[in-house]
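Notes follow the structure.
All residue numbers refer to positions in the sequence shown, counting from 1.
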Amino acid sequence: MPPFLRLEKGAFRNKDLRDIAPEDNTSYCLVPQAIACPHEQFAIIIDKIASMGYGEIDINMGCPFLPMTKRHCGAGILPYPDEVAAMLAVTKNYPGIKFSIKMRLGLESPDDWQALMPIIGEIKPVHVTMHPRTARQQYGGEIDMAQFQRFYAQATFPVVYNGDLRTAADIDRITSEFPDLRAIMIGRGLLANPSLASTQDGNTVKRVIELHNILFDAYKSRLCGDAHLLAKMKSLWEYFLAGAGSPKCRKKILKSTTIGKYVIATDDFWLSLDDAPFTGNDSAL
């Protein structure tokens, strides 16, 4: 998923612009994300993305993190229908661009979405991705499937489901219960088990190692300094083969202070899997 483009102290971050540069994203269809409030900032961001030649933009109304929500950005805008209406009205100035939306049920209340349905429907989004949690929950607690059922039933636009899809059985259950979904979005579950994105049977451990190495090499070529690279990689270990392997080796990974120590620790972790085989079952995810 691309980073969301935002204004920081009135300007774009060079890193964000590099990440969505069209010349660096030719092997797949990238849809940039925009996150902003008030609507004047949103227009500046849309102008920038449009100038880069993109024909579709995803509007982020789902980010749950406090630095965003306290400024009414991301999911922080959900309790304020007037602000949502002012922001989405900007899209009418760009008839050549398709818009999608990513959102949550609400900021603190799981009912915030209800007042937004006619406002969202008016812009005829390509789809709306719903993560059925509030922003205050972040990624913990139970997802609210009862609220998602109501959202799905009332939607006048295509719906994409996102949230707690960790196994093939989870995917089958959601697609069976909600047969008219436009698609599903798999996030953290894919880090834990990359095989979810494959139509071929495969060794889960092997696929996780391959994913780890691809990400490590890609980040190493783009990030500046060991500390930045280590921080990026360590954040992924909450998901990589959770519940499997040696806890001692995993702890060494998280405590490593140099790239050399990190590589040794990860190699030891992969070897520890021989003693604690991982099969991709529900309990390990």
Taken to the nearest 0.5 Å, the spacing of Leu215 CG from Leu229 CG works out to 10.5 Å
For Lys9, the side-chain hydrogen bond (donor to acceptor under 3.5 Å, both in side chains) test, sequence neighbours excluded, returns none
Heavy atoms, side chains only, cut-off 4.5 Å: are Phe99 and Asp58 in contact? no
Requested in this report: Treating Ile, Leu, Val, Met, Phe, Trp and Tyr as nodes and any side-chain heavy-atom pair under 4.5 angstrom as an edge, say whether Leu17 and Phe42 lie in one connected cluster.
Outcome: yes
- Message: Looking at Lys255, I want to see if its NZ is surrounded by more than 12 non-hydrogen atoms of other residues, nucleotides or ligands under 6.0 Å.
- Response: no
With sequence neighbours left out, the residues meeting salt bridge (charged side-chain N to carboxylate O under 4.0 Å, His left out) with Glu108 are Arg136
Would you say that Leu105 contacts Arg133 through its side chain, given a criterion of any heavy-atom pair below 4.5 Å between the two side chains? no
Exercise for review: For the pair Lys220 and Asp217, find out whether any cationic side-chain nitrogen is under 4.0 Å from an anionic carboxylate oxygen.
Suggested key: no
Just by distance, do the side chain of Gln154 and the backbone of Met117 share a donor-acceptor pair under 3.5 Å?
no
* Asked: How are the rings of Phe151 and Phe157 set relative to one another: parallel (under 30°), tilted (30 to 60°) or perpendicular (over 60°)?
  -> tilted
Exercise. Any chain of hydrophobic side-chain contacts (each under 4.5 Å) joining Ile186 to Ile214?
Worked result: no
Output for pair (Glu56 CD, Leu30 CG), nearest 0.5 Å, gives 10.0 Å
Would the distance check show the side chain of Arg13 and the main-chain N or O of Glu8 forming a donor-acceptor pair, the cut-off being under 3.5 Å? no
Residue set satisfying side-chain hydrogen bond (donor to acceptor under 3.5 Å, both in side chains) with Asn162, at least two apart, ordered chain then number -> His131
Query raised in the report: Counting only N and O atoms by type, is there a donor-acceptor contact under 3.5 Å from the side chain of Lys102 to the main-chain atoms of Met61?
Result: no
Residues passing the salt bridge (charged side-chain N to carboxylate O under 4.0 Å, His left out) test with Arg71, sequence neighbours excluded, are none
Apart from Tyr139 itself, members of its ILVMFWY cluster (side-chain separation under 4.5 Å) are Phe65
query = Applying the 4.5 Å side-chain criterion to the ILVMFWY set and letting contacts propagate, would Val128 and Val126 be lumped into a single cluster?
reply = no
Checklist entry - Are Phe269 and Phe240 close enough that their ring centres sit under 6.0 Å apart? => result no
| query | With distance as the sole test, does Gln147 use its side chain to make a donor-acceptor pair with the main-chain N or O of Asp144 at under 3.5 Å? | reply | no
Taken in chain and number order and not counting sequence neighbours, the residues that satisfy side-chain hydrogen bond (donor to acceptor under 3.5 Å, both in side chains) with Tyr54 are none
Do Phe4 and Met68 have side chains that approach each other closer than 4.5 Å (heavy atoms only, starting at C-beta)?
yes
Test: Glu122 and Lys92 ion pair at under 4.0 Å | yes
(Q) Under a plain distance cut-off of 3.5 Å, with no hydrogens placed, do Asp226 and Tyr262 share a side-chain donor-acceptor pair? (A) no
dist Asp172:CG -> Thr167:OG1 (nearest 0.5 Å) comes out at 8.0 Å
Taken in chain and number order and not counting sequence neighbours, the residues that satisfy side chain to side chain contact (heavy atoms under 4.5 Å, CB included) with Asn213 are Ile209
Margin query: Whether Arg166 and Asp164 form a salt bridge (side-chain N of Lys/Arg under 4.0 Å from carboxylate O of Asp/Glu) is what I want to check.
Written below: yes
- Where the side chain of Ser176 meets the backbone of Arg173, is there a donor-acceptor pair that is under 3.5 Å apart? no
Output for pair (Tyr152 OH, Tyr161 OH), nearest 0.5 Å, gives 13.0 Å
- Task: Report yes or no: does Asp112 contribute a side-chain atom to a donor-acceptor pair with the main-chain N or O of Leu107 at less than 3.5 Å?
- Result: yes
By side chain to side chain contact (heavy atoms under 4.5 Å, CB included), Leu88 pairs with (sequence neighbours left out) Ile59, Val84, Ile101, Ile119, Ile120, Ile123
Residues passing the salt bridge (charged side-chain N to carboxylate O under 4.0 Å, His left out) test with Arg104, sequence neighbours excluded, are none
Open item on the list: Do Met52 and Ile97 sit in one hydrophobic cluster, given that two such residues count as connected whenever their side-chain heavy atoms are within less than 4.5 Å of each other, even indirectly?
Closed with: yes
Taken in chain and number order and not counting sequence neighbours, the residues that satisfy side chain to side chain contact (heavy atoms under 4.5 Å, CB included) with Asp268 are Cys249, Ile264
Here the gap from Lys251 atom NZ to Ser256 atom OG, rounded to the nearest 0.5 Å, amounts to 13.5 Å
Hits for salt bridge (charged side-chain N to carboxylate O under 4.0 Å, His left out) against Arg222, two or more places apart or cross-chain, chain-then-number order -> Asp19
Are Val90 and Met103 grouped together when hydrophobic residues (ILVMFWY) are joined by side-chain heavy atoms under 4.5 angstrom apart? yes
Checklist entry - Do the side chain of Asp111 and the main chain of Gln114 share a donor and acceptor less than 3.5 angstrom apart? => result no
Any side-chain heavy atom of Leu5 sitting closer than 4.5 Å to one from Ile35? no
Side chain to side chain contact (heavy atoms under 4.5 Å, CB included) filter on Glu83, not counting sequence neighbours, yields Cys37, His72, Ile77, Tyr80
